[in-house]
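First up is the structure itself, then whatever we jot down about it.
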Amino acid sequence: MAVPIDGTSGVVGRRVADEALLDDVDGLNSTDPGGMLRFTASAGAQVRESAALAAEANLGVLGDEGRPRAVVIAGIGTAGRTGDVLATVAGPRCPVPVIPHRSAGVPGWVGAADVVIAVSASGRSPEALGAAQAAARRGARLVAVGPPDSQLQSVAEGVRAPFVPVPRRAPARASLWALTVPVLLAARALGLVKVNEADLAETAARLDADAERCRPAAESFVNPAKALALGLAGSVPIVWGSSPVASVAARRFGDTLSTNARYPVVTGALGEAGRGRVGLLDGVFGGLGESTRDIFADPDDDDQSESPTRLRLVLLRDGGLNPEDDADEPFVVEERRAEAVQTLADRRGVRCDVITAEGGSALERLASLISVPDFASVYLALAHHLDPMAVPAVSEMKELSTT
């Protein structure tokens, strides 16, 4: 077994993943004292709770002034991802632009004809607060989503704007669904998306089912998240999505791999990758490195500290709900591109994991592409004996950048 490493920031971990730990429930619990696995498993409950809270927030008043010129979703980190989700679920048929905004304030053109949705897991992020205050000054319609009794709630109440109080029951990065559902329901009130109660119920059920499949007691050979984590161990992950929905999920996986497991990762849309980044498969971490692999080496050998780092491709595929629907690209083009990159990876010896979307709505399909990777990022951290809740660099960054 690999020797523990004491990092300069006080972090303790292991250079080589400890595969045996993932099938040791007691060991997992001790390595995850903050309960990140438990928080990740709460995704389905987050959908149901946030839907109920949004129903009590009187979002219906948003539609009284008619359709806006544009909708800006302001937030950073996981809160910022909610804008990507809304833009994707609304799709190319959305009658107005949906614009995620990750900087303080709002774009210069925002005015009385627009809607600003400010989102913050803490209720005090400068990006969300700045956007809410700017929207109020410019006369834009405002919706705020955050914890109760927060600074963000005070700003919203000061201008009598709808506020959805989402209790902070988990770290921000494990609260994607708690923050996303109110954003979607605000957009529904504006007539921009068709998300009904059945869609929410089915999405919550999907997340619950995946949490059961990925539970700590399920051993690696039947647990898709543990298997994915072990496949990624020691690699440089490349995560590409075949469609707009899958690309949002790919970027979300990059977020959680970086923060939970502290892995460098390349993410994006497969369409963009095909114009240049697919060349990574030929490089020193791809096909060139794979050419030197010893095919007779024991894959279970613990002494891998001198093994070269190699790419591991994760392809998120989504064929869409209806190939005849208007979309950014035809269904057949996305499918052909996904098949092509799998073939390229196979020819170069680059290992590839494929996760395929399932579900009857865009929201459920997105959930099916996010849930297992969310768990995998936590299991990968635990396999390296890292506490996924304790990220000193994040805390230090906040301290150093706070004036």
Side-chain angles (χ1 to χ4, degrees), residues 1-19 21-22 24 26-43 75-81 102-104 119-129 146-147 150-151 168-176 178-179 216 225-226 228-230 232-237 239 251-267 304-305 309 373-403:
M1 183 175 292
V3 177
I5 299 172
D6 291 326
T8 55
S9 62
V11 175
V12 176
R14 294 178 185 268
R15 176 69 178 82
V16 177
D18 181 359
E19 182 174 346
L21 178 70
L22 295 192
D24 176 0
D26 291 336
L28 288 173
N29 290 334
S30 63
T31 311
D32 183 25
M36 184 61 84
L37 282 172
R38 183 178 70 255
F39 291 134
T40 304
S42 73
I76 196 73
T78 301
R81 267 309 154 223
R102 291 176 167 83
S103 301
V119 188
S120 173
S122 67
R124 60 178 184 272
S125 76
E127 294 76 15
L129 287 173
S150 62
Q151 292 174 262
R168 185 163 186 180
R169 305 191 189 283
R173 61 186 180 277
S175 302
L176 175 68
L179 299 173
K226 290 181 180 180
L228 179 57
L230 292 173
L232 290 172
S235 73
V236 176
V239 189
R251 293 185 175 98
R252 162 67 179 180
F253 195 17
D255 294 342
T256 58
L257 279 173
S258 297
T259 310
N260 290 335
R262 285 71 139 181
Y263 263 54
V265 58
V266 177
T267 67
Q304 303 172 48
S305 58
T309 302
D374 270 6
F375 275 99
S377 70
V378 179
Y379 282 125
L380 184 55
L382 298 176
H384 285 286
H385 289 232
L386 291 167
D387 179 357
M389 288 280 284
V391 190
V394 172
S395 302
E396 291 176 36
M397 182 68 183
K398 291 178 180 178
E399 293 174 3
L400 293 170
S401 59
T402 300
T403 56

Rounded to the nearest 0.5 Å, what separation is found between the OG1 atom of T31 and the CG atom of L386? 9.5 Å

Euclidean distance, T78 OG1 relative to L179 CG, rounded to 0.5 Å: 7.5 Å

The reported gap from CZ in R38 to OG1 in T40 (rounded to nearest 0.5 angstrom) is 10.0 Å

Please name the pair of heavy atoms, one in D18 and one in H385, separated by the smallest distance, quoted to 0.1 Å. OD2-NE2, 2.8 Å

State whether D374 and R173 are salt-bridged, where the test is any N-O pair (Lys NZ or Arg NE/NH1/NH2 against Asp/Glu carboxylate O) under 4.0 Å. no

Out of curiosity, Y263 OH to L257 CG, how far, rounded to the nearest 0.5 Å? 9.0 Å

Between T259 (side chain) and T256 (backbone), is there a donor-acceptor pair under 3.5 Å? no

What distance do L382 atom CG and R14 atom CZ have between them, rounded to the nearest 0.5 Å? 13.0 Å

Checking side-chain contact (heavy atoms from CB on, under 4.5 Å) for the pair R102/R81: CA distance, chi angles, key distance, verdict? CA-CA 9 Å; R102 291 176 167 83; R81 267 309 154 223; 3.4 Å; yes

Nearest 0.5 angstrom please: L37 CG to L28 CG, how far? 6.5 Å

Check A79 against V119 and note the closest heavy-atom contact, atom names and distance. CB-O, 3.4 Å

For A229 and A376 the tightest heavy-atom approach is CB-O, 3.5 Å

If you define the side chain from C-beta out and look only at heavy atoms, does anything of P171 sit under 4.5 Å from M389? yes

Smallest heavy-atom separation, A174 atom then F39 atom, equals CB-CB, 4.0 Å

Looking only at heavy atoms, which two atoms of A225 and F375 are closest? And how far apart? CB-CB, 3.4 Å

To check you understand the geometry: which heavy-atom pair defines the closest contact between A381 and N260, and what is its length? CB-O, 3.1 Å

Would S150 and R124 satisfy side-chain contact (heavy atoms from CB on, under 4.5 Å), going step by step from the backbone distance to the final call? CA-CA 7 Å; S150 62; R124 60 178 184 272; over 6 Å; no

Do M36 and D387 have side-chain heavy atoms sitting under 4.5 Å apart? no

Please check this pair: side chain of K226 against backbone of E19, looking for a donor-acceptor N/O pair closer than 3.5 Å. no

